[in-house]
Student: 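Below is a structure I'd like to ask you about.
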Amino acid sequence: MNKHKVLLKIAVGLFVVLCCTVFPYQAQAQTLSNAVVVAENSINNYFAALLAGTSVPSAQSFMTTIMQSVTSTADQQTVQAYYEQNAVSTAKTQIDNYFKVIIAGNPVPNAQSFMSAVMSSVLATADQQTVNTYYEQSAVTTAEIQINNYFSAIIAGNTVPNAQTFTSAVMAAVLAQADQQAVYTYYEKTAVSTAEGQISNYFSVILKGTTVPNAQSFMSAVMSSVLATADQQTVQAYYEQNAVSTAKTQIDNYFKVIIAGNPVPNAQSFMSAVMSSVLATADQQTVQNYFNQQQVISLYQYALKVISFYSATPNSATLTTAVGAVMQLQPYNNVAALSGLGLYDDALNQLMQAVSKNLSNTNNVSSIIPPANIDGSFGTSVAVDGVGNIFVSAPSNAVNGRGIIYEFGKNSNNVWTVINQIYPMIPVPGDHFGRVFSINGNTLAASSEPANGLAKVYIFGLQSNKWIQQTSLDLTTVSNFKVVQKISLASTVNTIVVGLPQFGYYLVFNHVFDYSTTTNMLVSDQWRLMLSGSFTVGSVINSVAADGLYIVIGSQVPGSNGTVTGSVRILSGAINVVRINSKNEYTMNWTIDTSVSGPKGFGQSVAIYQDPVLALPIGNPVVSMVPIPAVNKITLAIGSPVEHNGAGAVYTMVKSIATGTNRLVWAGLNPVQLVMPSLATAAGHGLALKRATLLVSANSTVIAPSIVMAYQFNAATNQWSWAYTMSNVNSLFGSSLATNGQTAVVGSPKAVNDTNTADINQVQVIGLK
């Protein structure tokens, strides 16, 4: 010890003695405080040197030295806690720096040796656990960041290390086995997600027509970063799924161009390009089959489009084009595997009909376009009265928040013009008024089906050429029904039949006239529920029709094997409409069901027409039975659109009523199946019948266009004969039909999801011979 140090110690000692003599208690406290401060400063310097990478003493020996200068037990605990706090903080900083270097791509010490060095300065077991947990969390987070950067580089098209080498390097910094599994799972998930993104982009580029790498080399590159066999299979399946979907879209676009009449690449070269991105043999066959089928269907659609153009513009040039379009189908005629079965015959038949129509020009065709601001529901239901005025509903129309029915008549310029607008006196927003309606003489009945309420039927009467609401019918006989499937007004007996699809239920209302029993004078007239009934449990009412004294009801029951069985019931009745001897009744007259006829979908649509009977004399209360003439006939039509593998069928019966009775006498079950053109799909989806005219719709969403056929009954031969065929590219063309025997009315509302700009909602009116 040199001279200066000795003098310094003596001076300090004297100062301490002096302080203790004067302020004994304060001096002791100050000494202990300084010891703690000196110890904490030493600890700070120790860890600062550690972070700077300078060599430091062993943590255990360092703390032993430090603690020798701290005599108080409380201060020793303070110093010990301060050391551990700094040890943990310094260890976390070292770990942070370690992983920052890793993310920067610089080399670092071996993880095990690094952690051994870090842990050497942490003395408490609990703190060692804390540091170890922090390391593992940082290791997992850093690994996920590395994985994200790795796949971001792949997506950017940059060169990256081999996947196996990369994952080995990433895993080298993760010590715990559970964390290694978590990192590996994250890698595989990101690998699959990235691969699917690459595949999606690959096919998006193909659809844009841009050049892409060879499919095999592309997939080899994509698969190189996916390590697990199961994930490789997932990615491969995703690629094939996208390859097939993209190929079908390319084929669809190819034939859309053909249908539009524009030039396209040679089919062979086009398909070679399409197939180049489909790797699996089975998928290649699927794509080839799809092309073959779409080729025939598209040629067929193109032929019909050209025929339609020729019909609108008949001249030698359009006829030559139409003939050429039809002849393109001839090589595929009757090739069932290519969906070509009968399509050439259909197109040729359509062409011949167009030629015949243009030569004879016997049918007057006109269109009714919806008024301004009317949505696509225009034409949902149609009707025509005896003088030829046309009624059209728009049940989703937004005018004043209500559905609406328009009455059209021709003006002096022979143009269809709105002459009446019909709607309830108190409109209900969103009530879908007019989704179904029926008209007979001066009475109109229309449904109202609010989305959040129960259905109603409104009755309107014609007064001074205006339709005035008279009443509404209470349909609450059956609870919780919201949809009216069909409404039909019978002639002569003032009868309304309502079909309720939810329960296979039907309701029959009569317009009843009450007379005084003393004065024989009319007291009141009102609509009353006279009959209700249902079919088999689980059945659905699909259609109802009424005329004269008869009601016909079509019902179906879905079978467990996917078939649809149907039945039709006919009710005949003597309707007493006066109070004296009142006896309102209908009786079941005849039932036809699938046990007899066998077709699927039987009863989807029904229509009935009774030859005119005498009108009811209102002023004479003595008359209680509706008079029936000596000779009377009933014509019945039943649609079965699911029959014949979806081609559909229509059955007709014409029977005579025996003289002097009001009961229908059927000579036997002998329905006649009308011959439908092979063009038809779902024939019998809709029917309309009046006098000797029958309209049949064939609505198809598979093969355009939808068609409506008109048939007329020849009493001399007792046979139906084809009179006219109407067609339209709109898939809902013919979803509503009406006729008064001389005029055919066809509704063509536009489907909600229909994006085809060629489809418009309108109503076509055809004058029949």
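In this text the structure is predicted, and so the values were computed from the model without any measurement.
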Student: Any non-hydrogen side-chain atom of Lys690 less than 4.5 Å from a side-chain atom of Asp547?
Tutor: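 With C-beta onward as the side chain, the pair touches.
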Student: So how far is it from Ser447 OG to His432 NE2, rounded to the nearest 0.5 Å?
Tutor: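 One finds 10.0 Å between OG of Ser447 and NE2 of His432.
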Student: Give, for atom OH of Tyr302 and atom CG of Leu304, the distance between the pair rounded to the nearest 0.5 Å.
Tutor: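 These two atoms lie 12.0 Å from each other.
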Student: Write down the atom of Gly461, the atom of Gln470, and the distance for their closest heavy-atom approach.
Tutor: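 Closest approach of Gly461 to Gln470: CA-NE2, 3.4 Å.
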Student: What are the two closest heavy atoms between Ile439 and Ala383, and how far apart are they?
Tutor: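 Scanning both residues, the minimum pair turns out to be CG2-CB, 3.4 Å.
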Student: Measure the spacing between CE of Met425 and CD1 of Ile468 and express it to the nearest 0.5 Å.
Tutor: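 Reported value, rounded in 0.5 Å steps: 9.0 Å.
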Student: Write down the atom of Asn420, the atom of Lys466, and the distance for their closest heavy-atom approach.
Tutor: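 Smallest interatomic distance, heavy atoms only, reads OD1-CD, 3.2 Å.
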Student: Taking ring-ring contact (aromatic ring centres under 6.0 Å, His included) as the test, write out the residues that go with Trp416, two or more places apart.
Tutor: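 Checked Trp416 against ring-ring contact (aromatic ring centres under 6.0 Å, His included); zero matches.
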Student: How far apart are the closest heavy atoms of Gly603 and Ser543, and which atoms are they?
Tutor: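 Distance-wise, the nearest heavy atoms are O-OG, 3.1 Å.
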Student: Heavy-atom distance under 4.5 Å between the side chains of Phe391 and Trp467, does that happen here?
Tutor: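 Contact flag for Phe391/Trp467 side chains = yes.
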Student: How long is the span from the OH atom in Tyr406 to the CD1 atom in Ile422, to the nearest 0.5 Å?
Tutor: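 One finds 11.0 Å between OH of Tyr406 and CD1 of Ile422.
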Student: For side-chain contact (heavy atoms from CB on, under 4.5 Å), just list the numbers for Ile297 and Phe255, CA-CA rounded to whole Å, side-chain angles, deciding distance to a tenth of an Å, and then say yes or no.
Tutor: CA-CA 9 Å; Ile297 293 173; Phe255 287 114; over 6 Å; no
Student: If you look at every heavy atom in Glu407 and Asn389, which pair is closest and at what distance?
Tutor: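 Shortest heavy-atom contact: OE2-ND2, 3.1 Å.
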Student: Applying side-chain contact (heavy atoms from CB on, under 4.5 Å), run through Val708 and Gln764 and close with a yes or a no.
Tutor: CA-CA 11 Å; Val708 172; Gln764 287 193 354; over 6 Å; no
Student: According to side-chain contact (heavy atoms from CB on, under 4.5 Å), who are the partners of Asp252, at least two apart in sequence or on a separate chain?
Tutor: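 For Asp252, the residues satisfying side-chain contact (heavy atoms from CB on, under 4.5 Å) (neighbours in sequence not counted) are Tyr290, Gln294.
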Student: Less than 4.5 Å apart, side chain to side chain, heavy atoms only: is that true for Ile634 and Ile608?
Tutor: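 Side chain of Ile634 against side chain of Ile608, heavy atoms only: contact under 4.5 Å found.
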Student: If you define the side chain from C-beta out and look only at heavy atoms, does anything of Thr635 sit under 4.5 Å from Thr652?
Tutor: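 Side chain of Thr635 against side chain of Thr652, heavy atoms only: no contact under 4.5 Å found.
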Student: According to salt bridge (Lys or Arg N to Asp or Glu O under 4.0 Å), does anything in residues 435-446 pair up with another residue at least two apart or in another chain? List the pairs.
Tutor: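 Of all non-adjacent pairs touching residues 435-446, those that pass salt bridge (Lys or Arg N to Asp or Glu O under 4.0 Å) are Arg435-Glu449.
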Student: Is the shortest heavy-atom distance from the side chain of Ile487 to the side chain of Ile496 under 4.5 Å?
Tutor: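 They are in side-chain contact.
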Student: Check whether any side-chain N or O of Thr417 sits under 3.5 Å from a backbone N or O of Val415 as a donor-acceptor pair, and report yes or no.
Tutor: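 Present.
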Student: Locate the shortest heavy-atom distance separating Ile459 from Ala445; write the atom from each residue and the value.
Tutor: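 Between these two residues, the closest heavy atoms are CD1-CB, 3.9 Å.
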Student: Could you check if a side-chain atom of Ser393 sits within less than 4.5 angstrom of a side-chain atom of Phe433, using non-hydrogen atoms only?
Tutor: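 SC-SC contact between Ser393 and Phe433 ruled out.
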Student: So, the side chain of Thr693 versus the backbone of Gly741: is there a donor-acceptor pair under 3.5 Å, distance only?
Tutor: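 Indeed, once roles are kept as given, a pair shorter than 3.5 Å links the two residues.
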Student: Can you name the residues that form a ring-ring contact (aromatic ring centres under 6.0 Å, His included) with Phe509, not counting sequence neighbours?
Tutor: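 Partners of Phe509 under the ring-ring contact (aromatic ring centres under 6.0 Å, His included) test: none.
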Student: Could you go step by step and tell me if Leu737 and Val746 meet the side-chain contact (heavy atoms from CB on, under 4.5 Å) rule?
Tutor: CA-CA 5 Å; Leu737 300 173; Val746 183; 4.1 Å; yes
Student: Residues two or more places apart in sequence or in another chain: which of them pass side-chain contact (heavy atoms from CB on, under 4.5 Å) with Ala303?
Tutor: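 side-chain contact (heavy atoms from CB on, under 4.5 Å) check on Ala303 returns Ala325, Val326, Leu329, Ala347.
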Student: I'd like to check Leu444 versus Ile405 (side-chain heavy atoms, cut-off strictly below 4.5 Å). Are they in contact?
Tutor: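 When only atoms from C-beta onward are counted, Ile405 and Leu444 do touch, with a gap below 4.5 Å.
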Student: Can you tell me which residue among Ser748, Ser736, Pro749 is in a side-chain contact (heavy atoms from CB on, under 4.5 Å) with Val382?
Tutor: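 Going through the options one by one, the only one that passes is Ser736.
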Student: Could you please spell out the steps behind the side-chain contact (heavy atoms from CB on, under 4.5 Å) verdict for Val552 and Val544?
Tutor: CA-CA 6 Å; Val552 57; Val544 297; over 6 Å; no
Student: Going by the rule ring-ring contact (aromatic ring centres under 6.0 Å, His included), which residues pair with Phe408 if we only count those two or more places apart in sequence or in a different chain?
Tutor: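 In terms of ring-ring contact (aromatic ring centres under 6.0 Å, His included), with neighbours along the sequence ignored, Phe408 is linked to no residue.
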Student: Got a second to check how far Ile404's CD1 is from Ser377's OG, nearest 0.5 Å?
Tutor: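 These two atoms lie 10.5 Å from each other.
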Student: Sub-3.5 Å donor-acceptor pair from the side chain of Asn411 to the main-chain atoms of Asn413, do we have one?
Tutor: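 At least one qualifying donor-acceptor pair exists.
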Student: Measure the spacing between CG of Leu687 and OH of Tyr711 and express it to the nearest 0.5 Å.
Tutor: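 The CG atom of Leu687 sits 11.0 Å away from the OH atom of Tyr711.
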